[in-house]
Amino acid sequence: MENKELVSNALSKALDNELSVEDILPKIERPKDSKMGDLAFPTFILAKKFRKAPQQIAADVVEKIDQSSFDHVEAAGPYVNFFLDKSNFSEDVLSAVLDQKENYGQNEDGKGGNVTIDMSSPNIAKPISMGHLRSTVIGNSVAEILRKNGYNPIKDNHLGDWGTQFGKLITAYLMWGNEEDVKKDPINNLVKYYVKFHKIDKEQPELDDVARDWFRKLENGDEQATKLWKWFREVSLEAFGEIYDKLGITFDTYNGEAFYNDKLQDVVDSLQEKGLLSKSQGATIVDLQKYDLNPALILKSDGASLYITRDIATAIYRDQTYHPAMNLYVVGSEQTYYFKQLKAVLMEMGVPSAKNLHHIPFGLITVNGKKLSTRSGRIILLDEVLNESIAIAKKQIAEKNPDLPNREEVAKEVGVGAIVFGDLKNEKINNIDFNLEDQLRFEGETGPYVQYARARAESILRKAGDIDLSKVDKKLNDAESWNVIKLLNDFPARVKMACDEFEPSVIAKYSLRLAKSFNKYYAHTKILDDDEQRDARLALVKSVSIVLKESLRLLGVKAPDEM
RNA sequence: GUCGCGAUAGCUCAGCUGGAUAGAGCAACGGUCUUCUAAACCGUAGGUCGAGAGUUCGAAUCUCUCUCGCGACACCA
């Protein structure tokens, strides 16, 4: 990026300051083909001003420009192409990576500000499906990316642990459930009861009344209801914990919906005080016409609270507890409109962090184009997908590297890595039609591909033995290493972009490009050849290993040294 | 119906604030392991960038219209 300034400065001078550095800077581009230079300036914009053909302008500029800071500058048609001094650039980039190690790419843009992240949010007594995977891994990656940009992320697992479904669950459990089964396999059995309830209540609608009654008891602190609710919650959390362990993801808080129950009245009172409430068709609403939005329904006509009531309480709690610089919600794109309403209500209430509330939407996961649904039984269990992926990784290791020391651990890292990376690889807004074979791919643009590239890098470094790379010459100037070096230089900019866009795929895509360029380098260059550039090549290999590992870490993917 | 998102190779997707012959991966076909891990590398083939108009020296990229798909549109979350 500093090179763009270098180029802009030189150009501005060559143009006798007809254009300022600021004018030129955004016009500098990177040619897709490195044969056309490392940076380029298209001269079309000057054609009118100078009343000359762009080709002529380019030629004139090359004639006048001070080339001393570059390898060389040449005109190619209407473009002025700049070729950087490879040796110096290489020295600068590799030194930066090796000096800063895993802190390379770190910036302090966030100034230590707290950022609350509402993520994962599975429902108690329901299995974690591929749908929750998205919120979980995107949220986790966004958290790491924010940290890399100087923020302090606070990951909140906003559990779905309250609502009328618990009335149904209690009813179902009391009718068909038994303690032993739930203890043995909590989620599956609780779901079984829940599904059965929905099947049967179609013919026996009176069951709904029973369920409603149980939920009312729960809300009123009935002993039996509360005991069951607590138990369901506890066994569910244990089951969730196993999956989170497998993913290597932790949370800072688990404040579910129930946590905010006693704060709902304050929300309603506060809305009332501020004169924001009105009645409409029996319900209590906040009018949002000035935001061009439909009214937000705060209380049902029977006085019961709604999801938004709890979310307002949550946002206020976060605001008061953390004074967040941003308040993020990693929730599916189907709730985009809802989050506009939520934000609008909070703005009306004057909640300070409301203007920095961001919904981070992601696309839907479907199977054969159909939505997943626990009730219909159309569901893909995350745990099963993870286990299958780990099993395949194990098989691969048995074939390809049977002597690998810690096979179990590596199989887990690779198997889980494939799934997580697969989810983060593409822009999060894209819908995903689930296909198991696609998920379990370990070749091409996949997590294991990146892991493998780094494992090979580590393998070379082991063979090279202990070398103090901080002191070695790092001036590489060959064509093979050039793309790798330029990509290493690009990492800090990618870290920023990923943060600005809350988009882990920026990092995933970057890691693929770096891994690919390194694999190419590896295939064409004998790194351990004993010549004068050997140490410089090792510095490059070490740098690649560092940046690949760090990229994967930002995605929540482990990087085994051997695989 | 209104609003939002999307449409690029057989499939899954990139394509940065408009720029030089539209790129990957998978699938297909063909090469490369006595030498740093072949989960890799190299090559061949594959596209009227949904359609049309406009802005521009220049449009996959910006604007408008249309078509198709998905989603959201008050008492679920």
Side-chain angles (χ1 to χ4, degrees), chain A residues 26-27 29-33 36 40 42 44-45 47-48 53-54 76-79 81 121 123 160 162-165 257 280-285 292-304 306-308 310-311 331-338 340-341 361 363-364 366 369 371 393 396-397 399-401 404 414 418 422 425-427 429-433 435 437-438 441-453 455-464 493-494 497 501 505-506 509 512-513 515-516 518-529 537 541 562-563:
Chain A
K27 299 289 180 192
E29 55 188 63
R30 290 183 213 186
K32 341 181 181 179
D33 192 335
M36 300 182 288
F44 305 99
I45 41 168
K48 262 185 197 155
Y79 290 87
N81 290 338
S121 313
N123 293 317
W162 201 252
T164 46
Q165 74 266 26
E257 293 170 16
S280 169
Q281 294 168 38
T284 307
I285 63 160
D292 208 18
L293 293 168
N294 292 332
L297 213 97
I298 305 294
L299 296 174
K300 298 193 213 175
S301 23
D302 67 0
L306 281 151
Y307 184 60
I308 199 167
R310 250 179 282 277
D311 257 348
V331 180
S333 60
E334 68 273 14
Q335 292 193 40
T336 298
Y337 190 81
Y338 166 78
K340 280 186 188 164
Q341 292 180 310
L364 214 58
T366 52
K371 260 178 110 165
Q396 297 254 40
I397 291 169
E399 281 171 28
K400 295 167 195 287
N401 199 353
L404 187 69
V414 172
K425 177 176 68 171
N426 293 323
E427 266 186 89
I429 200 71
N430 296 348
N431 290 341
I432 297 177
D433 196 43
N435 176 317
E437 288 140 65
D438 282 351
R441 199 153 270 157
F442 287 36
E443 291 164 12
E445 297 178 331
T446 63
Y449 177 92
V450 180
Q451 292 173 317
Y452 181 67
R456 290 168 115 190
E458 281 299 305
S459 176
I460 290 176
L461 293 168
R462 276 195 302 277
K463 288 216 160 69
R494 292 289 145 181
M497 188 192 281
E501 298 173 4
S505 72
V506 168
K509 288 256 151 48
L512 282 170
R513 261 188 293 147
K516 195 178 293 185
F518 177 72
N519 273 336
K520 189 169 178 169
Y521 178 67
Y522 179 99
H524 296 280
T525 307
K526 179 77 182 167
I527 292 155
L528 290 173
D529 241 4
R537 286 194 299 269
V541 173
E562 288 181 74
M563 63 187 272

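Note: hydrogens, waters and symmetry copies are ignored here, and every other heavy atom, side chains too, is used. By convention in this document, chain letters (A, B, ...) are assigned in the order of the sequence lines, proteins followed by strands, and residues within each chain are numbered from 1.
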Expressed in angstrom and rounded to an integer, what is the separation of [X] atom [atom1] from [N] atom [atom2]?
X	N	atom1	atom2	result
N426(A)	C26(B)	CG	P	14 Å
K509(A)	G23(B)	NZ	P	17 Å
R30(A)	C16(B)	CZ	P	13 Å
Y307(A)	C76(B)	OH	C1'	11 Å
K27(A)	U17(B)	NZ	P	13 Å
L299(A)	C75(B)	CG	C1'	10 Å
L512(A)	C26(B)	CG	P	11 Å
D33(A)	A22(B)	CG	C1'	14 Å

Under 3.5 Å for both pairing distances: what stems, at least three Watson-Crick or G-U pairs long, include RNA chain B?
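Output for stems: B:1-7 with B:67-73, B:10-13 with B:23-26, B:28-32 with B:40-44, B:50-54 with B:62-66.
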
Closest heavy-atom pair, A418(A) versus R441(A), reported as atoms and distance to 0.1 Å, is CB-O, 4.3 Å

Would you compute the distance between atom [atom1] of [X] and atom [atom2] of [Y] and round it to the nearest 0.5 angstrom?
X	Y	atom1	atom2	result
T336(A)	I429(A)	OG1	CD1	6.0 Å
N294(A)	K340(A)	CG	NZ	11.5 Å
N431(A)	L364(A)	CG	CG	5.5 Å
I285(A)	L299(A)	CD1	CG	11.5 Å
Q396(A)	E443(A)	CD	CD	7.0 Å

Among C16(B), A72(B), A74(B), which nucleotide sits nearest the side chain of R494(A)?
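The listed nucleotide nearest to R494(A)'s side chain is C16(B).
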
Options A77(B), A72(B), A74(B), nucleotide nearest the side-chain atoms of Y338(A):
A77(B)

Nearest nucleotide by nearest heavy atom, which residue falls closer to the 5' end of RNA chain B, E29(A) or M497(A)?
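The residue closer to the strand's 5' end, by nearest nucleotide, is M497(A).
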
Which is more 5' along RNA chain B, the nucleotide nearest S301(A) or the one nearest A40(A)? Just name the residue.
A40(A)

Does [X] reach a base, just sugar-phosphate, or nothing at all? Heavy atoms under 4.0 Å.
X	answer
P31(A)	base
N81(A)	base
R441(A)	sugar-phosphate

Atom pairs, N/O to N/O, protein against nucleotides 1-10 of chain B, distance under 3.5 Å?
none

For K463(A) and I460(A): C-alpha separation, side-chain torsions, deciding distance, then whether side-chain contact (heavy atoms from CB on, under 4.5 Å) applies.
CA-CA 5 Å; K463(A) 288 216 160 69; I460(A) 290 176; 5.7 Å; no

Considering only atom [atom1], compute the distance from [N] to [M] and round it to an integer number of Å.
N	M	atom1	result
G18(B)	U56(B)	C1'	9 Å
G58(B)	A53(B)	P	15 Å
U34(B)	A39(B)	P	15 Å
G23(B)	G15(B)	P	15 Å
A24(B)	G46(B)	P	14 Å
U21(B)	A60(B)	P	11 Å
A9(B)	U48(B)	C1'	13 Å
C64(B)	A45(B)	P	40 Å

Residues which pass salt bridge (Lys or Arg N to Asp or Glu O under 4.0 Å) with R456(A), listed by chain and number, not counting sequence neighbours
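For R456(A), no residue satisfies salt bridge (Lys or Arg N to Asp or Glu O under 4.0 Å) once neighbours in sequence are set aside.
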
Check ring pair (Phe, Tyr, Trp, His ring centres under 6.0 Å) between Y338(A) and all other residues, then give those that pass, not counting sequence neighbours.
Y307(A)

Using only atom types and a distance under 3.5 Å, with no angle test, would you say the side chain of [X] pairs donor to acceptor with the backbone of [Y]?
X	Y	answer
T446(A)	Y449(A)	yes
R537(A)	D529(A)	yes
N519(A)	A453(A)	no

Look at the side chain of S280(A) against the base of A74(B) and say whether a donor-acceptor pair falls under 3.5 Å; ignore hydrogens and angles.
yes

What string of B, S and - do you get for nucleotides 32-42 of chain B, 5' to 3', if B is base contact, S is sugar-phosphate-only contact and - is no contact with any protein heavy atom under 4.0 Å?
---SBBSBSSS

Derivation and outcome, side-chain contact (heavy atoms from CB on, under 4.5 Å), residues Y337(A) and L293(A)
CA-CA 9 Å; Y337(A) 190 81; L293(A) 293 168; 3.7 Å; yes

Quick check on C29(B): syn or anti? Syn means the glycosidic torsion is within 90 degrees of zero.
anti

Between S505(A) and N426(A), is a side-chain hydrogen bond (donor to acceptor under 3.5 Å, both in side chains) present by the stated rule, with each step listed?
CA-CA 5 Å; S505(A) 72; N426(A) 293 323; over 6 Å; no

Which protein N or O atoms sit under 3.5 Å from an N or O of nucleotides 56-61 of chain B?
{"from": "C57(B)", "atom 1": "OP1", "to": "K48(A)", "atom 2": "NZ", "distance (Å)": "2.9"}

Less than 4.0 angstrom from a charged side-chain N to a carboxylate O is my criterion; do K509(A) and E445(A) meet it?
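Judged by the 4.0 Å cut-off on N to carboxylate O distance, K509(A) and E445(A) do not form a salt bridge.
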
Can you tell me if K300(A) touches the phosphate of C76(B), counting only side-chain N or O atoms and a distance under 4.0 Å to OP1 or OP2?
yes

Quick one: are F518(A) and V541(A) in side-chain contact, heavy atoms under 4.5 Å?
yes

